[in-house]
Amino acid sequence: LQRFAVKRLAKEKSAAAAVVDIHSGAVLALVSTPGFDPNAFNLGLSAEDWRKIISNPYAPLTNKAISGQYAPGSTFKLVVALAALESGLIKPDQKFFCRGWLELGNARFHCWKKHGHGGMNMHSGIQQSCDVYFYEVARKLGIDRIAKMAKRLGLGLATGIDLTGEKNGLIPTRAWKKAATGVAWQKGETLVAGIGQGFVLTTPLQLAVMTARIANGGREVTPHMVQAVQSGGETTPIETPEGPSLGISEQSLKFVRDAMNTVSNSHRGT
């Protein structure tokens, strides 16, 4: 998997990939590109080579998989869907109409599909990644309910991987914004957070952990690089016990997993 990931990313100017075992948390691939040859530092790096590394706009010294913080975009809609299902405020069959935008005050918040999706329920909203559907859901939930579910799925917190330099990402709340900026939270900020934009930031590894927790039945999983310890000529595999339950109902998890499946395996999937 590591070789496959490296090969797939080789032609990209800047990218990262993370693959973890959904039950044990064992890291199967962790790639950040562009990278650098650490042997060059041992052999003696020339001033010119160092200049090239630090002036590269794609930051080869940064391990993007664990410390690159990016807007998660539509992957975050799974968080919003689970928050909605678990809160009971939104029923799976409840429909919202997408005309291509949603109006809030004097502002329009657009869907990626210019002319709209029409009537969307939660299943079709995930399947077709309808932005307007998730604007509506986020508006009813509020940012704090969304943030609470995001934290349960491992976002906004260090994953605990056995590497240095990991970043936390950011899952905003009303209290966070007031403390950080002195300005109150705005309703429009909830809408854009509902589609993984605005203040929301995650690392690629955090998204892998989030997905693992949804896929494994809602259990905590901690990613780790070390899979065995060698001592005295003997190799001892590291035993990873099953993580505790996150307290998310199997019914909600199954609904989201089934909808995720149709994203890739139905003709309307995105």
Side-chain angles (χ1 to χ4, degrees), residues 68-153 155-157 167-204 206-207 210 252 255-256 259-260 262-263 268-270:
Q69 300 179 107
Y70 312 105
S74 292
T75 59
F76 195 72
K77 292 172 181 175
L78 305 178
V79 174
V80 179
L82 283 171
L85 291 170
E86 291 293 279
S87 71
L89 293 176
I90 304 291
K91 301 299 181 184
D93 58 353
Q94 183 175 348
K95 285 191 174 184
F96 296 104
F97 189 83
C98 171
R99 67 181 67 185
W101 71 86
L102 180 148
E103 289 186 348
L104 180 66
N106 61 358
R108 277 190 177 184
F109 294 80
H110 292 272
C111 185
W112 68 265
K113 191 171 184 178
K114 184 177 180 180
H115 299 294
H117 288 94
M120 291 276 106
N121 59 24
M122 188 173 290
H123 188 277
S124 57
I126 294 173
Q127 178 196 53
Q128 299 179 49
S129 196
C130 176
D131 293 330
V132 167
Y133 175 84
F134 282 96
Y135 292 149
E136 294 279 17
V137 173
R139 178 162 61 173
K140 289 185 176 295
L141 285 175
I143 189 61
D144 291 337
R145 288 191 183 92
I146 295 171
K148 185 177 179 181
M149 179 58 69
K151 293 290 181 69
R152 288 165 80 180
L153 292 171
L155 304 182
L157 304 164
K167 295 293 179 64
N168 290 344
L170 175 62
I171 298 299
T173 62
R174 290 179 298 169
W176 167 84
K177 189 191 175 191
K178 187 67 174 178
T181 69
V183 179
W185 187 263
Q186 304 297 311
K187 290 181 180 179
E189 291 168 338
T190 300
L191 301 195
V192 294
I195 62 167
Q197 302 288 348
F199 293 112
V200 182
L201 296 173
T202 62
T203 69
Q206 285 177 330
L207 292 179
M210 175 196 80
S252 296
F255 183 92
V256 169
M260 287 173 65
T262 66
V263 171
R268 289 191 174 183
T270 56

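Because only heavy atoms are used, hydrogens play no part in the values below, and waters and symmetry mates are left out as well, while side chains stay in.
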| task | Sort out for me which residue in Phe96, Phe134, Tyr133, Trp112 forms a ring-ring contact (aromatic ring centres under 6.0 Å, His included) with His117. | result | Trp112
| said: Restricting to non-hydrogen atoms, name the atom on Ala107 and the atom on Phe109 that form the minimum distance, rounded to 0.1 Å. | reply: CB-CE1, 3.9 Å
| task | Taking all heavy atoms of Gln69 and all of Gly169, pick out the closest pair and write down the distance. | result | OE1-N, 2.8 Å
| field | Val132 to Leu102 - nearest heavy-atom pair and separation | value | CG2-N, 4.2 Å
| note | Residues passing the side chain to side chain donor-acceptor pair (under 3.5 Å) test with Ser129, sequence neighbours excluded, are Ser74, Lys77
| said: Let me confirm one number: the NE2-SG distance from His115 to Cys98, rounded to the nearest 0.5 Å. | reply: 11.5 Å
| message | Looking only at the side chains, is there a donor atom on one of Glu86 and Ser252 sitting less than 3.5 Å from an acceptor on the other? | response | yes
| field | Set of salt bridge (Lys or Arg N to Asp or Glu O under 4.0 Å) partners for Arg108, sequence neighbours left out | value | Glu103
| message | Please find the pair of heavy atoms, one from Tyr135 and one from His110, that lie closest to each other, and give the distance. | response | OH-O, 2.7 Å
| Beyond-backbone contact of Trp176 with Ile171, side-chain heavy atoms, under 4.5 angstrom | no
| Under the salt bridge (charged side-chain N to carboxylate O under 4.0 Å, His left out) rule, what pairs show up with a residue in residues 143-152, not counting sequence neighbours? | Asp144-Arg174
| With side chains defined as the heavy atoms from C-beta onward, is the minimum distance between Leu82 and Leu153 less than 4.5 Å? | yes
| task | Return the set of residues passing salt bridge (Lys or Arg N to Asp or Glu O under 4.0 Å) with Arg139 (not counting sequence neighbours), or none when no residue passes. | result | Glu136
| Should Val256 and Leu78 be marked as a side chain to side chain contact (heavy atoms under 4.5 Å, CB included) after you check the CA-CA gap, both sets of side-chain angles, and the distance that decides it? | CA-CA 7 Å; Val256 169; Leu78 305 178; 3.9 Å; yes
| Between CD1 of Ile143 and OG1 of Thr173, what distance do you get to the nearest 0.5 Å? | 8.0 Å
| said: Taking the side chain as everything from C-beta on, heavy atoms only, tell me whether Leu141 gets closer than 4.5 Å to Ser87. | reply: yes
| message | Tell me whether Thr262 contacts the main-chain N or O of Gly269 through its side chain, where contact means a donor paired with an acceptor under 3.5 Å. | response | no
| task | Show your working on side chain to side chain contact (heavy atoms under 4.5 Å, CB included) between Phe76 and Ile146 and close with a plain yes or no. | result | CA-CA 10 Å; Phe76 195 72; Ile146 295 171; 3.6 Å; yes
Would you give me the side-chain donor-acceptor pairs under 3.5 Å for residues 186-203, sequence neighbours excluded?
| from | atom 1 | to | atom 2 | distance (Å) |
| --- | --- | --- | --- | --- |
| Gln186 | NE2 | Ala184 | O | 3.0 |
| Glu189 | OE1 | Lys177 | NZ | 3.0 |
| Glu189 | OE1 | Gln186 | N | 2.9 |
| Glu189 | OE2 | Lys177 | NZ | 2.8 |
| Thr190 | OG1 | Trp185 | NE1 | 2.7 |
| Thr203 | OG1 | Gln206 | N | 3.1 |

| query | Can you find a pair of side-chain heavy atoms, one from Pro72 and one from Thr75, that are under 4.5 Å apart? | reply | yes
| request: Go through the steps to decide whether Phe255 and His123 satisfy the test side chain to side chain contact (heavy atoms under 4.5 Å, CB included), and finish with yes or no. | output: CA-CA 8 Å; Phe255 183 92; His123 188 277; 3.9 Å; yes
| Is there a donor-acceptor contact under 3.5 Å from the side chain of Thr181 to the main chain of Lys178? | no
| request: Not counting sequence neighbours, list each pair that qualifies as a salt bridge (charged side-chain N to carboxylate O under 4.0 Å, His left out) and has a residue in residues 87-99. | output: none
| remark: Output for pair (Arg268 CZ, Ser124 OG), nearest 0.5 Å, gives 8.5 Å
| query | Are any non-hydrogen side-chain atoms of Met122 and Gln94 less than 4.5 angstrom apart? | reply | no
